[in-house]
Amino acid sequence: MNIASVIVDVPARQTDRTFDYLIPDRLLGYIQPGMRVKVPFGPRNVQGFVTGLKGESEFAKLKEIAETLDLTPVLNEELLKLGDWLTEKTLCYKISAFQAMLPAALKAKYEKKLALAQGVFPKDLSDSVGRLFKDSREIKWDESSLKNLLPSLQKEAAEGRIEVIHEVRDKVRKKKLKHVYPAVEKDELEKQKALLGQRAKGQEKLLCFFIDDPKPIELRELIGKLDISAASIKGLVKKGILQEEAIEVYRDPYETREFVKKKPLNLTPSQEKVIGPILSSIGEDRHEVFLLYGVTGSGKTEIYLQSIQQVLDKGEEAIVLVPEIALTPQMVTRFKERFGDLVAVMHSGLSAGEKYDEWRKIQRQEVKVVVGARSAIFAPFENLGIIIIDEEHETSYKQEENPRYHARDAAIQRAAFHRCPVVLGSATPSLESFARAQKGVYTLLNLPKRLNNKPLPPVEIVDMREELRDGNRSMFSRKLFEKLEDRLEKREQTVLFLNKRGHSSFVMCRDCGYVANCPHCDITLTYHRFNDRMKCHYCGFDEGVPSVCPECGSEHIRYFGTGTQKVEEELAKLLPHARVIRMDVDTTGRKGSHEKLLNSFQEGNADILLGTQMIAKGLDFPNITLVGVLSADTMLNLPDFRSSEKTFQLLTQVSGRAGRHDLPGEVVIQTYTPEHYSVELAGTQDFDQFYNQEMMVRKIHKYPPFYYISLVTVSHAELMKAVSVAEKITRHISLKLSEEAVVLGPVASPIPRINDRYRYQCLIKYKREPGLEKALKSILEHYQQETASGQLQISVDLNPYLLM
DNA sequence: AGCACGCCGACT
DNA sequence: GTCGGCGTGCTC
């Protein structure tokens, strides 16, 4: 077994297979599947993953593995298999699947360098080349600065005086800090203390400290604690009494926070009823998927916590997925309060290094529970006992780049391997999951009542067209405004929700109707008040606001629309005494600012919390008694078959923020389409009826959960090329599929151009098409050269959540 | 992805 | 005649 199969870090169709390498003697018995290695590949070195070991290879002249990058495998056997599954399910490259399962810090960083050959000095080279090495024997390969030296470099390299090095490194280093500890026994420390001179106050303090506690301590901490200088430590180190060493430390994003340990709460009878099947599934090592359908405030989290406790008691581990966890600090707090140091947290707000450290804690079995966003589903636990997905219906569980996986599917895959339950929790389950529960594929668990039987808040729907007819041109209906004033008077809090999607500010000419568009994408530029500029949210293009209309020359050009900033301005005008906290991408950009704003609101530093999607979930503050939705229907017009579902879910979620505690709550929903069933039924919070109605619509239009869908998007800088390739692909797919399948297109994507590339797409709806995956693979293969060069892009999404 | 090998145009 | 354009194909 001295040969390793390796998947190399070259994401291309031609290299999407294993390559065999000889394991050098010094690494024999050490290299295991799942380790990262550095291997020579063509003329350079690349990172690779060992996927298996074998005794012989069909390939005659094998190269040797250059070195290992890990001491222990970063992917265990289960995760290696899961990588294969991901590759198959999403048609991505093996290497992309592996990389998706690991923290970004472990991704290789490549650096091309020039170095002097052994025994060669700058003076041995021609003047121009020799000058490059005057400071160091190694320099970075910098295309631009070396440009005119290329011929002479080539000559020196050919004659062996300099060489090209391809370096492979981890992206992020382990964080190491200098630690100090005694080098001698306690009685020796005592002896040395007696020998110290009168003036050696610092050294005396140090010795006292270590006589008390000889454990290693971080240098800076020691200096701060004893109020001494680094020189005192140096002195003792020199005498050989103390020792210094760089020890790996974890970056702990929550280290400054104190968590008070909390006990499990008593379960209500209905909670008891629901947790029963989950606990027995855990106890019997049985894989089962539960759909925990519980209204907002029905105590789902406590079910999660107590199920996990059972798993921990069994000596197993738990994964909890939450959507964009940075946005729900309350959730993290509850887990930390219950399980303390056993919890690792993984979310997008952490730096690459912090994420890596949390991952290391899991790998080293130092934690038992991970709470995290989508990618936490790949936490390298060995004995999973439960996987929980909170807010199961959230679309952020679907990754919108390769590998385009859905965390729910990966969860079920992993749980089946570990023979443990998956709990999907939601107040508004996705249609897909609910349908599966109805069919008996998932086990449905119901929590129909809020804790303490608090009623759901009454919801009033206001028709904004009527408001307009009655001459109210403000963005607040009279009803909402009245209630706002009332809450201000009573010193209770209000949450105002603005459905921002498709509703951000833009710049328009009031005379000719010209709207500022991105010159590279067919999309309106979004206006940002804080720097008075317009920005494209797809390619990042950014431009100042023109003072005159570029079409007609009119000066009446200004920003338009109802962004949060604009609402804030209007609030300031109408209710100048109200204290408003605004939460959107602009105000929560910086790390931790989100939490700060929420804390400030919780402490009562504001009367109104104004925000977008991000305030729809997880807020649980006792003083919120009014929730206002400013525009309920802005999502309904998006080209997305899930838009009704999303609207219903969002409105229900937001409504759930009101009156969760002692004070009763109220909800006002403003809309231009009060008759739409998703708005109307969100008003009565009638999920069952919504489900029935929406299922009918899906059936008629052949959408999930009745049909599967797949989306192929073709993009190219030339319109004609994009169209013709899309056409060929569509034709090819149609030929390969059965009568039952529907192939739509090709049509221009809803955003027909992004970053100067035209986009055409083909949508496939089908029930059972065993030939589809093969057809798609052969298409990707067929166009591999053109896609490799970047000219042409073909993206395939089996089960897309965004049809853009 | 890189990089080398290989076959046709405008240049000292 | 040669330098160099980037199409094609390989990397254990």
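When the C1' atom of dC12(C) is taken as reference, atom CZ of Arg44(A) falls 13 Å away, rounded to whole Å. Rounded to whole Å, the distance from NZ on Lys112(A) to P on dA1(B) is 16 Å. At whole-Å resolution of the value, CD in Gln784(A) and P in dG2(B) are 16 Å apart. Separating the CG atom of Asp20(A) from the P atom of dT11(C) is a distance of 12 Å, rounded to the nearest angstrom. With rounding to whole Å, Gln785(A) atom CD is found 11 Å from dC10(C) atom P. The distance from atom CZ of Phe41(A) to atom P of dG2(B) is 11 Å, rounded to the nearest whole Å. For Glu786(A) and dG9(C), the CD to P distance is 14 Å, given to the nearest whole Å. Distance, Ile7(A) CD1 to dT11(C) C1': 14 Å, rounded to whole Å.
Proximity note for Arg17(A) (side chain, C-beta onward) versus dG9(C), dC12(C), dA1(B): the nearest is dC12(C). For Tyr21(A), the listed nucleotide lying nearest its side chain is dC12(C); candidates were dC12(C), dT11(C), dC3(B). The side chain of Thr15(A) approaches dA1(B) more closely than any other nucleotide in the set dA1(B), dC12(C), dC3(B). Closest to the Val10(A) side chain, of the nucleotides dC3(B), dA1(B), dT11(C), is dA1(B). Closest contact between the side chain of Gln14(A) and the listed nucleotides dC12(C), dC3(B), dA1(B) involves dA1(B).
Classified by interplanar angle (parallel below 30°, tilted 30° to 60°, perpendicular above 60°), the ring pair Phe19(A)/Phe41(A) is perpendicular. A perpendicular orientation is assigned to the rings of Phe541(A) and His520(A), their planes being inclined by more than 60° (bins at 30° and 60°).
Donor-acceptor pairing under 3.5 Å is recorded for the side chains of His418(A) and Glu78(A). Between the side chains of Tyr110(A) and Asn45(A), not a single donor N or O lies within less than 3.5 Å of an accepting N or O.
Between Phe19(A) and dC12(C), no base-stacking contact is recorded for ring centres under 5.5 Å apart and planes less than 30° from parallel.
A salt bridge links Glu358(A) with Lys361(A): the distance from a Lys NZ or Arg NE/NH1/NH2 to an Asp or Glu carboxylate oxygen falls below 4.0 Å.
Note on Lys61(A): every side-chain N or O is 4.0 Å or more away from OP1 and OP2 of dT11(C).
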